[in-house]
Each structure stands twice: as structure tokens, then as C-alpha cells.
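The structure displayed is predicted, hence computed values, not measured ones. Computed from heavy atoms alone, side chains included, the values below leave out hydrogens, waters and symmetry copies.
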Amino acid sequence: MSASDVVFGFGAHSGFEDLPELLRMVQQADRDGLDLFSLSDHPYLGERLDAYATIGFLLGGTRHIAGLANVTNLPTRPAPMLARTVTSLSALSNGRVVLGMGAGGLWDRITDMGVPRQTPGDAVNAFEEAIVLIRKLSGGGAPVTHEGRHYRVRAIEPAPVAAPPVWTGSNGPKSLAATGRVADGWIPGHAADWRSERYRASRPVIDEAAAAVGRDPREIRTIYNFPGRITDRPLPATRDHDGRWIGGSVGQWVEELTEAVLEHDASGFVLFSAGHGAPDLTTLARWAQEIVPSVREAIAK
């Protein structure tokens, strides 16, 4: 994998009270050459900014960085309208958007929004059908009529721009298999990384499903939500007793991420703080200015 294929980003604040900090961080990340910022999508939480309105606003004030809802709360954003949202954002930003997709998690809160509850199986089926339909409603061509189990549209003209890349937050076997069949990337849940049992058990499901429909499994990227702290001095151990990454010095980060790319086919990393929240401005600057360029240089050799 070439250095240009690996993406580096960060998880951003999403509360109304965080807005000034959010603006500073995304603009700094854009200047420092990071590839993307991500926002959570929890529309049932009144203290949170709407993910897609915020992504659109931030893309309008930046030049290079892309936006990602990590991941889209699909049950509250029906696929035909989501297709219009992401293709419009892509056109307005010159392609600087990634479509993060999830089947839905906090169903008690989702139903509080007036959305009918789905069984886990139906939610996954709707998730896969949504990805297929969003692609049908993108890239131009003849009007689309789709009579699916969960979505129905009649004679709707596709947007003239292509759908963004689709990265999923799949966890269960059915959802993982859907990722293998129709998605472009996978973000392992619970901040699991390439050394975790979750990754070792899950990635083969994606690969087998991809191969079964004639896809090259290598087409499906793995992008990691990666929390940790950046220390001034090396730590005696960079992982805890459960094997989870806790952080380390710049050199330890560079060594770990370089190995992840070269030996474990990692395609990208989204930085979070050690507490799984957004990093502070100082940590973000060290990530973008010290760690990321060194990893890019190491994998380019």
C-alpha cells in the first residue's frame, strides 16, 4: 500500500458548547494536511450538533480535509434523502466527504425520534439495501425505480455526481458480510485494532463475503478509530493488560502505525483521546505535524 492510500484523521467535538473549539481544530487539521475529520451522529441528543449540517458548514470553510459521520444513524436518515445529502456535499466540496454507515445502535433512543423499531436482522437488511440504493441514486443515468423490502422509490433521477466512498461500522456477522458485499471500507467497532480478537474474528467474514460475490477483498479498506495519548517520553508499555493501545512517544506511535500498515494492511487511522473523546489542540498538532508525516515517510520507503 502506498503512502497516499493511507488516510489520517481525528474525531472531532460535536456539542453545541464545543463549536469554537471544533472550528479551530478542523481548520488547524486542514492546514496541517490531515485527510479527514469525523463526527458522531446521534440526532436524538439535543446537546449535539447535527452531523451533516456541521460537516457541510466545516467543508465550506476548509480546502482539503474531508468529513465523515462516524457513523451515520441510518434509521433516522432514510436512504433516498441520505443519497441527496451526500451527493450534494460531494459536489459542493469537490469530493471531500466519506459516507459512514451503520445499521443503528441505540434503538430505545431511535424509537424516541418516532422511528419504528426494527429487529436486528431487518436493520442489517435495510443497511445493505440502503447502500445499494444510494449508489443507484448517484452518478447520473436513467431515472431509478426501486421496489425493495425497506425502500421504494419511483422514477427518481440520480444525482449527476458519484456516491462517496462508503465505510461501515459493522459488528455482527450479517453486517460484516454486507460490508464485504457492498462497502468500500470498514471501521471496527469498540476501537478495536489489528491486534484484537475482534479484528481477527471479523475481518475474515468480510473477506469471504467479498470473494463470494466476485470482489477482491483488498478493495475493502480497514480504517481504525484509534484512541491514545502522545507522551513526551517513551512508555515502558504501549498497550494495557488487555492488549489495547494506550499511547506512547512520537517514536512509539510511528513504529506502531507503520507496522500496522506494512504488516497488517491498515488503511487509515482516526485519532481520539485516551478517553475516546476528541483530542485537544496540542495533541492534534503533534499528531498532524510529528506523527503523521513520519508514518507517511516510513511507509513510502
Side-chain angles (χ1 to χ4, degrees), residues 1 3 6-15 18 21-22 24-26 28-29 32-40 42 68 70-71 100 102 105 167-171 176 185-203 221-299:
M1 180 174 295
V6 182
V7 296
F8 297 89
F10 76 101
H13 297 288
S14 61
D18 299 317
E21 184 85 346
L22 171 64
R24 285 193 295 270
M25 294 184 77
V26 172
Q28 174 179 296
D32 287 342
L34 288 184
D35 298 298
L36 63 93
F37 64 90
S38 81
L39 294 171
S40 60
H42 297 288
L68 161 72
N70 189 358
V71 290
W167 298 351
T168 76
S170 296
N171 286 306
L176 291 164
W186 172 53
I187 306 168
H190 306 283
D193 66 36
W194 51 95
R195 298 184 187 274
S196 68
E197 178 58 33
R198 178 179 293 273
Y199 174 83
R200 288 191 292 270
S202 299
R203 182 68 209 206
R221 303 155 64 91
T222 307
I223 303 94
Y224 296 94
N225 289 333
F226 204 55
R229 58 194 179 99
I230 303 170
T231 59
D232 292 328
R233 297 181 179 181
L235 297 181
T238 56
R239 292 180 177 268
D240 64 18
H241 62 279
D242 293 322
R244 281 188 168 272
W245 175 257
I246 57 175
S249 66
V250 168
Q252 288 173 316
W253 277 86
V254 172
E255 181 180 1
E256 186 73 22
L257 299 187
T258 301
E259 179 182 324
V261 173
L262 297 181
E263 298 187 18
H264 301 281
D265 296 321
S267 294
F269 310 93
V270 180
L271 177 72
F272 287 84
S273 72
H276 295 217
D280 58 38
L281 275 166
T282 300
T283 300
L284 180 63
R286 297 196 71 184
W287 168 249
Q289 297 170 15
E290 300 178 48
I291 294 173
V292 170
S294 297
V295 176
R296 285 177 170 153
E297 181 179 0
I299 63 181

Handout entry: Non-neighbouring partners of Phe37 that pass ring pair (Phe, Tyr, Trp, His ring centres under 6.0 Å), sequence neighbours left out
Key =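 Per chain and number, Phe37 pairs via ring pair (Phe, Tyr, Trp, His ring centres under 6.0 Å) with no residue.
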Handout entry: With sequence neighbours excluded, residues passing ring pair (Phe, Tyr, Trp, His ring centres under 6.0 Å) with Phe226
Key =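 Result, ring pair (Phe, Tyr, Trp, His ring centres under 6.0 Å) vs Phe226: Trp194, Trp245, Trp253.
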To the closest 0.5 Å, what do you measure between [atom1] ([X]) and [atom2] ([Y])?
X: Trp186; Y: Thr222; atom1: CH2; atom2: OG1; result: 6.0 Å
X: Thr258; Y: Ile291; atom1: OG1; atom2: CD1; result: 10.5 Å
X: His190; Y: Arg244; atom1: NE2; atom2: CZ; result: 8.5 Å
X: Leu39; Y: Asn70; atom1: CG; atom2: CG; result: 9.0 Å
X: Phe10; Y: Leu34; atom1: CZ; atom2: CG; result: 7.0 Å
X: Glu290; Y: Ser249; atom1: CD; atom2: OG; result: 10.5 Å

Handout entry: Within 6.0 Å of CZ in Arg195, more than 12 heavy atoms from elsewhere
Key =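 Yes, because the 6.0 Å sphere around CZ of Arg195 holds more than 12 heavy atoms from other groups.
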Identify the two heavy atoms, one from [X] and one from [Y], that lie closest to each other, and give their separation to 0.1 Å.
X: Ala12; Y: Leu22; value: CB-CD1, 3.5 Å
X: Ala29; Y: Leu284; value: CB-CD2, 4.4 Å
X: Gln289; Y: Pro293; value: O-CG, 3.5 Å
X: Gly11; Y: Pro279; value: O-CD, 3.3 Å
X: Gly185; Y: Ile223; value: CA-CD1, 4.3 Å
X: Tyr224; Y: Ala266; value: CE1-CB, 3.6 Å

With a 4.5 Å limit on heavy-atom distance, are the side chains of [X] and [Y] in contact?
X: Arg203; Y: Pro188; value: no
X: Tyr199; Y: Asp193; value: no
X: Thr238; Y: Glu255; value: no

Handout entry: Worked check of side chain to side chain contact (heavy atoms under 4.5 Å, CB included) between Arg198 and Asn171
Key = CA-CA 9 Å; Arg198 178 179 293 273; Asn171 286 306; 3.4 Å; yes
Handout entry: Evaluation steps, side chain to side chain contact (heavy atoms under 4.5 Å, CB included), between Val71 and Thr168
Key = CA-CA 7 Å; Val71 290; Thr168 76; over 6 Å; no
Exercise for the section: Mind jotting down which residue pairs meet the side-chain hydrogen bond (donor to acceptor under 3.5 Å, both in side chains) criterion with at least one end in residues 272-284? Sequence neighbours excluded, please. Expected result: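 Every pair satisfying side-chain hydrogen bond (donor to acceptor under 3.5 Å, both in side chains) with a residue in residues 272-284: Asp280-Thr283.
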Exercise for the section: Report the residues that fulfil salt bridge (Lys or Arg N to Asp or Glu O under 4.0 Å) with Arg24, sequence neighbours left out, ordered by chain and then residue number. Expected result: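 If we apply the salt bridge (Lys or Arg N to Asp or Glu O under 4.0 Å) test to Arg24, skipping adjacent residues, the hits are Glu21.
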Practice task
Please identify each residue that fulfils salt bridge (Lys or Arg N to Asp or Glu O under 4.0 Å) with Asp35, with sequence neighbours left out.
Solution key: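 Checked Asp35 against salt bridge (Lys or Arg N to Asp or Glu O under 4.0 Å); matches are Arg296.
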Exercise for the section: Name all residues meeting the side chain to side chain contact (heavy atoms under 4.5 Å, CB included) criterion together with Asp232; count only those two or more places apart in sequence or in a different chain, and write none if there are none. Expected result: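 Partners of Asp232 by the side chain to side chain contact (heavy atoms under 4.5 Å, CB included) criterion, ordered by chain and then number, come out as Arg286.
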